[in-house]
Amino acid sequence: MKTWVDKFKLALIKEEIETLGKLLDSIDYKGVDLNEMKSLIEEAIKLVNRKKDAHAVEIRKFQKAIKYIKA
């Protein structure tokens, strides 16, 4: 049986943002090293920020393209 930490690590590796969110909603503190949990959550935050930044770049590209087409 996979523990919460194992599931979280797998979701982090696969970059499954939705799964990470669901796991954060159901944190199981039993038998978990809190330092490890903290590190994993920090990595998840970094992942979300990277994805957010990448999406922002793509949105700006689309906005420029729309502006060009309308001109």
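Please read these numbers as outputs of a predicted model, since none were measured by experiment. Note that the numbering runs from 1 along the sequence shown for the chain. Note that these values count all heavy atoms, side chains included, but never hydrogens, waters or copies made by symmetry.
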More than 12 non-hydrogen atoms from neighbouring residues, nucleotides or ligands closer than 6.0 Å to CD on Glu18, yes or no?
-> no
Under 4.5 Å between any side-chain heavy atoms of Gln63 and Ile66, yes or no?
-> no
Do you know the tightest heavy-atom contact between Leu12 and Leu20?
-> N-CD2, 3.8 Å
Side chain proximity check, Asp33 to Met37, heavy atoms < 4.5 angstrom = no
Kindly indicate, with the supporting measurements, whether the criterion side-chain contact (heavy atoms from CB on, under 4.5 Å) is fulfilled by Ile27 and Leu23.
-> CA-CA 6 Å; Ile27 294 177; Leu23 287 167; over 6 Å; no
Do Lys52 and Asn49 pass the side-chain contact (heavy atoms from CB on, under 4.5 Å) test, and can you show the C-alpha distance, the side-chain angles, and the key distance before you say yes or no?
-> CA-CA 5 Å; Lys52 180 182 74 168; Asn49 285 332; 3.9 Å; yes
Hey, quick one: are Ile45 and Val5 part of the same hydrophobic cluster, counting side-chain heavy atoms closer than 4.5 Å, chains of contacts allowed?
-> yes
Same apolar cluster (I L V M F W Y, side chains within < 4.5 Å links), Ile13/Ile17 | no
Is any side-chain heavy atom of Asp28 less than 4.5 Å from a side-chain heavy atom of Thr3?
-> no
side-chain contact (heavy atoms from CB on, under 4.5 Å) between Lys9 and Glu36, worked out = CA-CA 10 Å; Lys9 285 178 184 177; Glu36 181 180 18; 2.9 Å; yes
Smallest separation among heavy atoms of Leu40 and Phe8, with atom names = O-CE2, 3.4 Å
Output yes when a side-chain donor or acceptor of Trp4 lies under 3.5 Å from a complementary backbone atom of Tyr29, and no otherwise.
-> no
Before giving the answer on side-chain contact (heavy atoms from CB on, under 4.5 Å), spell out for Arg50 and Leu47 the whole-Å C-alpha distance, their side-chain angles and the decisive distance to 0.1 Å.
-> CA-CA 5 Å; Arg50 280 194 311 270; Leu47 171 65; 3.6 Å; yes
Determine, using the 4.5 Å side-chain heavy-atom cutoff (strictly less than), whether Ile69 and Ile59 are members of one ILVMFWY cluster.
-> no
So, Glu42 and Lys46, do they make that salt bridge, N to O below 4.0 Å?
-> no
